[in-house]
Every structure is written in structure tokens, then in C-alpha cells.
Undergrad: 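Sharing a structure, written as C-alpha cells. Questions coming.
Just so you know, these numbers use all the heavy atoms, side chains as well, and skip hydrogens, waters and symmetry mates. Please read all numbers here as calculations on a predicted model, not as lab measurements.
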Amino acid sequence: MSSAAVVDRVRIGVLLRACHPAPAAAVTGLAAVMAVAAGRGPLGAALTTGAVAAGQLSIGWSNDLVDRRRDAAAGRGDKPLAAGELTAGRLAAATRWAVVCCVLLSAACGVAAATAHLVAVGAGWAYNLRLKGTAWSWLPYAVAFALLPAFVTLALPGRPWPAPQVLGAGALIGVAAHFANVLPDLAADRAAGVRGLPQRLGRRASAATAVLAAGAAALLLAPGWPVLVVTAPPALTALLAPPRSRAPFLAVIAAAGLALAVLLLGGGLRG
């Protein structure tokens with residue numbers, strides 16, 4: 001392998017580490033599963049997955065761009081931009097390309113579906129640019145996760161909306177994901193002056209909110225005995241995981257995937 005190829009692979013690796021890979025991969029994976037289960041077909045599933053992946057890249061990268069001074073002041077070595085492994089110009093260029101790809105791939109799914117997805121991505125950007133440090137920090141997550149299944153179903157013939165319980169569960173999963181995702185950085189965020197709703201409530205209340213929201217979503221998607229199976233992972237990890245662990249967030253996504261699987265087996269994604 002040439003030295004240029006090695007350098008390119010290193011750059012790609014650094015860019016991927018800057019995109020918040022765990023949340024981005026989790027959300028993209030959920031979208032892919034829903035697209036396949038809804039019958040989008042190979043091309044449709046590929047377009048849906050690619051659009052969501054590009055949108056998640058743009059949100060993750062723009063987050064690090066917005067927070068770069070705060071991250072550098074806090075000595076965040078896990079952030080490539082703050083650690084000097086990546087320049088702001090290169091990350092901004094990558095973000096612009098991700099936005100272009102997101103718009104084009106979303107448009108290929110149809111106007112209604114594209115509108116839903118671009119509003120969802122816009123909610124992620126609104127979180128980065130303004131709402132992250134306010135008591136409304138949960139709202140972009142609720143909007144984006146509620147619209148994710150809509151992006152899938154609105155690309156189907158007849159452009160059906162998802163079932164109401166799917167939209168409600170999506171919003172609740174978004175709230176759970178927000179609170180669980182912030183847990184590892186709660187102390188650092190407070191020290192940096194970030195005052196989103198989880199930072200205002202504290203670790204215990206935020207962990208409880210994540211578990212309760214995931215449980216409520218499970219009740220909507222899979223009423224009955226599966227709720228215990230679905231809510232156990234986020235509940236246990238929120239209680240037992242170390243303070244800096246990403247396990248609570250991943251457990252919420254896993255719980256959402258399990259509840260979604262129960263729903264899909266019953267054919268309940270569409271309204």
C-alpha cells in the first residue's frame with residue numbers, strides 16, 4: 001500500500017471518530033432495518049440508509065465544529081478537532097459534502113420523504129447551534145426520532161404516514177436517547193456552562209428519565225410482556241454503568257431496536 005493511501009485511510013479514520021460514530025451508526029442502523037422491513041427494496045433501502053448516514057455525519061461533524069473551543073478548553077482528547085488531529089477547515093469541508101449528499105439522497109426518496117428527513121436533520125443542527133444549552137435540549141431529539149420512521153414510510157407508494165403510536169414512540173425514544181447520551185459528559189458539560197435539561201436535572205434524574213421514556217416507548221410499540229425485556233437493558237446500564245460509559249445510550253438504542261422488531265413482526269409500522 002502506498003504512503004498516500006495510508007494517509008488517506010488515517011484521515012478517513014480521524015473523520016469517522018469526529019462524527020460521534022456510536023450514535024450515528026445506531027440511528028443509521030435503525031433506519032436501514034425499518035427500510036428493509038417496510039419493503040423499500042434494495043435500491044430504496046440503500047437510498048434511505050445513505051441519506052440517514054449522510055445526515056448523521058453532518059450533525060456529528062457540525063457538533064464538533066460548534067463546540068471546538070469548549071472542547072479544547074476542557075482538554076477533550078477524544079475529540080479529533082480539539083486534539084489537533086483535524087483542522088476546522090477540513091472538517092467544515094467534510095460537513096458541507098455530507099449536507100449535499102444528504103439532500104440529494106433524501107430527494108431521491110421523493111418530496112414528502114425528503115421533507116420529513118431534512119426537517120429531522122435540521123432539528124439536529126438546531127440542537128448543535130442553539131438548543132443544546134437550553135431547557136429545550138430534548139426537543140430536537142424528539143422531533144428527529146419521530147420523523148425517522150416517517151422518512152421510511154413516506155417514500156412508499158401512496159406516501160402513508162407511520163402509525164400514530166410509532167410517531168409517539170419515536171419521540172419518546174429520542175428523549176431517552178438524549179438523556180442517556182448526555183450522561184457520560186454531564187460533569188464536563190456543567191463545568192463548561194452547558195445548561196441543557198439533563199445538566200439541569202442531574203445524573204440520577206436524567207438516568208431515570210431515559211429509562212422511563214424508553215419504557216413508555218416500549219409500551220406504545222410492544223404492549224404486554226415484551227416491555228420488561230425492552231426496558232431492562234437501559235434500566236440496568238443506567239444504574240450500573242460507570243459515569244463515562246456510553247453503555248446507557250447504546251442500551252436505549254438496543255431497546256428501541258428490540259421494541260421495533262416486535263412491532264415489525266406484527267406489521268405495525270404504517271398507519
Undergrad: Between atom CD of Gln199 and atom CG of Leu186, what is the distance when rounded to the nearest 0.5 Å?
TA: 5.5 Å
Undergrad: Taking NZ, NE, NH1 and NH2 as the nitrogens, is one of them in Lys79 or Glu85 under 4.0 Å from a carboxylate oxygen of the other?
TA: no
Undergrad: State, with a plain yes or no, whether a side-chain heavy atom of Ser206 is found less than 4.5 Å away from one of Val182.
TA: no
Undergrad: For Thr153 and Pro160, which heavy atoms make the closest approach, and how far apart are they?
TA: OG1-O, 2.8 Å
Undergrad: Taking all non-hydrogen atoms of both residues into account, name the closest pair between Leu147 and Ala116 and its distance.
TA: CD1-O, 3.5 Å
Undergrad: With a sphere of 6.0 Å drawn around CZ of Arg130, does it hold more than 12 non-hydrogen atoms of other residues, nucleotides or ligands?
TA: no
Undergrad: Which side-chain N or O atoms in residues 95-108 pair as donor and acceptor under 3.5 Å with protein atoms at least two apart or in another chain?
TA:
from: Thr95; atom 1: OG1; to: Leu91; atom 2: O; distance (Å): 2.8
from: Ser106; atom 1: OG; to: Cys102; atom 2: O; distance (Å): 2.7
from: Ser106; atom 1: OG; to: His117; atom 2: ND1; distance (Å): 2.8

Undergrad: Side-chain contact, heavy-atom cut-off 4.5 Å: Pro198 with His178?
TA: yes
Undergrad: For the atom pair OG (Ser62) and CG (Asn128), what is the distance rounded to the nearest 0.5 Å?
TA: 4.0 Å
Undergrad: Once you round to the nearest 0.5 Å, how far does OG1 of Thr134 lie from OH of Tyr127?
TA: 9.5 Å
Undergrad: Roughly how far apart are Ile173 CD1 and Leu30 CG, rounded to 0.5 Å?
TA: 7.5 Å
Undergrad: Among residues at least two apart in sequence or on other chains, which ones pass side-chain contact (heavy atoms from CB on, under 4.5 Å) with Arg40?
TA: Ala35, Thr48, Cys109, Val152, Ala155, Leu156
Undergrad: Closer than 3.5 angstrom, by distance alone: can the side chain of Ser58 be matched with the main-chain N or O of Gly55 as a donor-acceptor pair?
TA: yes
Undergrad: Taking all atoms of both residues into account, what is the closest heavy-atom pair of Pro149 and Met34, and its distance?
TA: CB-SD, 3.8 Å
Undergrad: Any chance you could measure Thr209, atom OG1, to Arg204, atom CZ, to the nearest 0.5 Å?
TA: 14.0 Å
Undergrad: Could you tell me the separation between the CD1 atom of Ile59 and the CG atom of Asn63, rounded to the nearest 0.5 Å?
TA: 9.5 Å
Undergrad: So, Arg68 side chain and Leu65 main chain: donor-acceptor pair closer than 3.5 Å or not?
TA: yes
Undergrad: Transitively linked via ILVMFWY side-chain contacts under 4.5 Å: Val143 with Trp161?
TA: yes
Undergrad: Got Leu131 and Pro140 here, is their nearest side-chain heavy-atom distance under 4.5 Å?
TA: yes
Undergrad: Go through Asp189 and Lys132 one step at a time and tell me if the salt bridge (charged side-chain N to carboxylate O under 4.0 Å, His left out) criterion holds.
TA: CA-CA 10 Å; Asp189 286 343; Lys132 179 178 180 178; 5.2 Å; no
Undergrad: Apply side-chain contact (heavy atoms from CB on, under 4.5 Å) to the pair Trp61 and Leu15, showing each step before the final yes or no.
TA: CA-CA 8 Å; Trp61 285 336; Leu15 280 171; 4.0 Å; yes
Undergrad: Determine whether the side chains of Asn181 and His20 contain a donor N or O and an acceptor N or O closer than 3.5 Å.
TA: no
Undergrad: When you measure from the side chain of Trp138 to the backbone N and O of Ala135, does any donor-acceptor pair fall under 3.5 Å?
TA: yes
Undergrad: So, for Ala120 and Ala144, which heavy atoms are closest and what is the spacing to 0.1 Å?
TA: O-CB, 3.7 Å
Undergrad: Could you check whether any side-chain heavy atom of Val211 comes within less than 4.5 Å of a side-chain heavy atom of Phe179, counting everything from C-beta outward?
TA: no
Undergrad: Looking only at heavy atoms, what is the nearest atom pair of Leu81 and Thr87, with distance?
TA: CD1-C, 3.6 Å
Undergrad: For a 4.5 angstrom cut-off between non-hydrogen side-chain atoms, does Val52 reach Phe151?
TA: yes
Undergrad: Between Phe145 and Val27, does a side-chain contact (heavy atoms from CB on, under 4.5 Å) hold up when you go through it step by step?
TA: CA-CA 9 Å; Phe145 274 74; Val27 173; 3.8 Å; yes
Undergrad: Between Val194 and Trp125, is there a shared hydrophobic cluster once you connect ILVMFWY residues whose side-chain heavy atoms come closer than 4.5 Å?
TA: no
Undergrad: Look at the side chain of Arg200 and the backbone N and O of Arg195, then say whether any donor-acceptor pair between them is shorter than 3.5 Å.
TA: yes
Undergrad: Of all the heavy-atom pairs spanning Tyr141 and Val175, show the shortest one and how long it is.
TA: CB-N, 4.5 Å
